[in-house]
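Contents: one structure, followed by commentary.
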Amino acid sequence: MEARHHLSTAQQMASKFLQRLRSTPLKEERGPGPPEEPPESAELVDDTEGLSLRLSGTLSLSEDSLASQESDGMGTSYLGSDGHGDSKAQDENNSHTFLTNQLREMWQHSRDAHIPIRLTFEVTDANIVQDAHAKYVVYTIYLLQTGQYDASPAYISCRYSDLFHLKRRLLELYPSEMRGVSFPRKRVRKNFTPETIAKRSRAFEQFLCHVSSLPALRTSSPFLNFFYLRDIQKAQALTCAGLYKLAIPIWTNSYHLQEKLCPPGPSTNRLLVLAGLVVCHQESDTLEEAQAFSERAVALIQDAQDKHISLLVPFLNAHIQLSWRVGIDKRESEALLQRLQEAGHYADNVPSLKEFLVKETIS
């Protein structure tokens, strides 16, 4: 009976410990900006398994550590001074062993648990701007992937009117999908009070999260172009003017936005961004970065087979030259270029990446 009582106590200990793990708040990695504010109740998601998986690294609940705990005390028998086993100590030992086994089972389950990767939007800053024509608020919105460490957060800066035009355009094109998507209404007064700005910030986050959760809207041109089209146009203008170092951070942010938002595969705008990164890094003598982005573009075009084949040759030419300059094997790219020549895809008037950047019209 006493042994059964100790096992019951161990079960209660394990249950309380696991409950405490699930309720422990964790601060996720985030981009620049002020400390994270608690999400609204509508945005809370039960992520018990994901929390356990993240905690497994914090608590180091590995098989080796658990095994060592058993051998270094938890699994040893306690003997009295007379050499006979003490039943009370043995029962306590059984309780500890039971708790250890519970933790091992939790750790093994969490290793294989799937953490869904979701896109979230967070307003990290809001600045009131007064120019010669109007007074308005500029919101900085970061795009973050939850469910994993996001090493490359991306952001946009926009006004209420920008988001309002996005909402109106989506409503025109996708009336049924937009049914039920809420948006903060315009106000005649008190647009610049802290309360109004804070409420709008939360409403913008919920609006973008709702729209991005609907596949038809998330992959639509108005939604995608809202995030990166303006930056691509600005980066293209800087590149054409020879201001390569000023263009690099804008190209880079556009690249991270596309990686988070765009469906798999190349598009003209994605390849334009990669071309901008290759050209600007090459002109700035950051050759390793230029080579890596040229390799990324070649892989994207190859995955799409014949689509965008006309851009494969200029990216291959850049990749071969950059690989040679940084000391990376280029024979595979040279063989691919040879096959393209034999198939008739190579012409003497193939434009360079810089010429492609100058001539391409962004829309």
Side-chain angles (χ1 to χ4, degrees), residues 143 145 150-156 219 221 223-326 328-330 332-334 336-337 340 345-346 350-363:
L143 284 73
Q145 287 179 326
D150 193 342
S152 56
Y155 70 93
I156 61 168
T219 57
S221 294
F223 184 73
L224 296 176
N225 289 340
F226 169 79
F227 286 95
Y228 53 73
L229 188 61
R230 192 178 303 172
D231 275 357
I232 293 177
Q233 292 169 338
K234 184 177 180 180
Q236 184 190 38
L238 290 171
T239 304
C240 293
L243 302 174
Y244 304 113
K245 290 188 178 180
L246 292 178
I248 285 176
I250 304 176
W251 284 125
T252 302
N253 189 62
S254 299
Y255 173 75
H256 291 321
L257 286 169
Q258 291 178 336
E259 288 292 296
K260 297 176 191 301
L261 291 165
C262 293
S267 65
T268 301
N269 281 342
R270 292 192 78 179
L271 294 175
L272 184 71
V273 169
L274 286 167
L277 286 165
V278 173
V279 169
C280 289
H281 277 296
Q282 187 172 9
E283 295 292 338
S284 303
D285 284 330
T286 47
L287 302 182
E288 289 82 3
E289 288 83 355
Q291 192 275 341
F293 284 118
S294 67
E295 188 168 294
R296 170 66 172 152
V298 169
L300 270 178
I301 299 173
Q302 281 186 282
D303 289 343
Q305 297 177 349
D306 291 337
K307 196 174 182 182
H308 301 288
I309 193 70
S310 61
L311 289 174
L312 182 55
V313 172
F315 273 113
L316 272 174
N317 283 331
H319 184 253
I320 291 169
Q321 181 187 14
L322 289 164
S323 297
W324 175 76
R325 293 181 67 182
V326 299
I328 295 178
D329 188 2
K330 56 186 173 60
E332 186 175 340
S333 294
E334 289 175 331
L336 177 56
L337 188 60
L340 289 173
H345 293 297
Y346 192 103
V350 172
S352 66
L353 290 181
K354 189 179 290 188
E355 291 171 334
F356 166 62
L357 277 173
V358 171
K359 295 177 180 179
E360 185 64 26
T361 302
I362 303 171
S363 59

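This structure is a prediction, so every number in the text was calculated from the model and none was measured. Only this structure's heavy atoms are used, side chains among them; waters, hydrogens and symmetry mates stay out.
Asn253 contributes no side-chain N or O that, together with a main-chain N or O of Pro249, makes up a donor-acceptor pair within less than 3.5 Å. A donor-acceptor pair under 3.5 Å is absent between the side-chain atoms of Asp231 and the main chain of Ser254, judged by distance alone. Side-chain atoms of Gln236 come within 3.5 Å of backbone atoms of Glu360 as a donor-acceptor pair (strictly under, hydrogens ignored). With Arg270 contributing its side chain and Gly265 its backbone, the two residues share a donor-acceptor pair below 3.5 Å.
With a 4.5 Å cut-off on side-chain heavy atoms, Leu336 and Gln302 count as touching. Between Val278 and Leu322, some side-chain heavy-atom pair lies under the 4.5 Å cut-off. Considering only heavy atoms from C-beta on, Arg296 comes within 4.5 Å of Glu259 through its side chain. Using a 4.5 Å heavy-atom threshold, the side chains of Asn225 and Asn269 count as touching. Using a 4.5 Å cut-off on side-chain heavy atoms (C-beta onward), Phe223 and Leu261 make contact. You'll find the side chain of Trp251 stays beyond 4.5 Å of the side chain of Leu238, heavy atoms only. Using a 4.5 Å cut-off on side-chain heavy atoms (C-beta onward), Ser284 and Ile248 make contact. Side-chain atoms of Asn317 and Ser352, non-hydrogen and from C-beta on, never get closer than 4.5 Å to each other.
The shortest non-hydrogen separation linking Leu224 to Pro263 is CD1-CD, 4.5 Å.
Considering Gln321, His319, Glu295 in turn, His319 is the only one that fulfils the side-chain hydrogen bond (donor to acceptor under 3.5 Å, both in side chains) rule with Ser333.
Between Glu283 and Lys245 there is no salt bridge, since no side-chain nitrogen of the basic residue lies less than 4.0 Å from a carboxylate oxygen of the acidic one.
The local environment of CD in Gln233 is crowded, with over 12 non-hydrogen atoms from other residues, nucleotides or ligands closer than 6.0 Å. For Tyr155, the OH atom is loosely surrounded, since the number of other residues' heavy atoms within 6.0 Å does not exceed 12. Applying the 6.0 Å contact sphere to NZ of Lys260 captures more than 12 heavy atoms from other residues, nucleotides or ligands.
Between Phe293 and His281, the ring planes are parallel. Angles under 30° get that label, and only those over 60° would be called perpendicular.
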**Request:** Show the numbers, then the answer: is there a side-chain contact (heavy atoms from CB on, under 4.5 Å) between Ser323 and Asp329?
**Result:** CA-CA 7 Å; Ser323 297; Asp329 188 2; over 6 Å; no
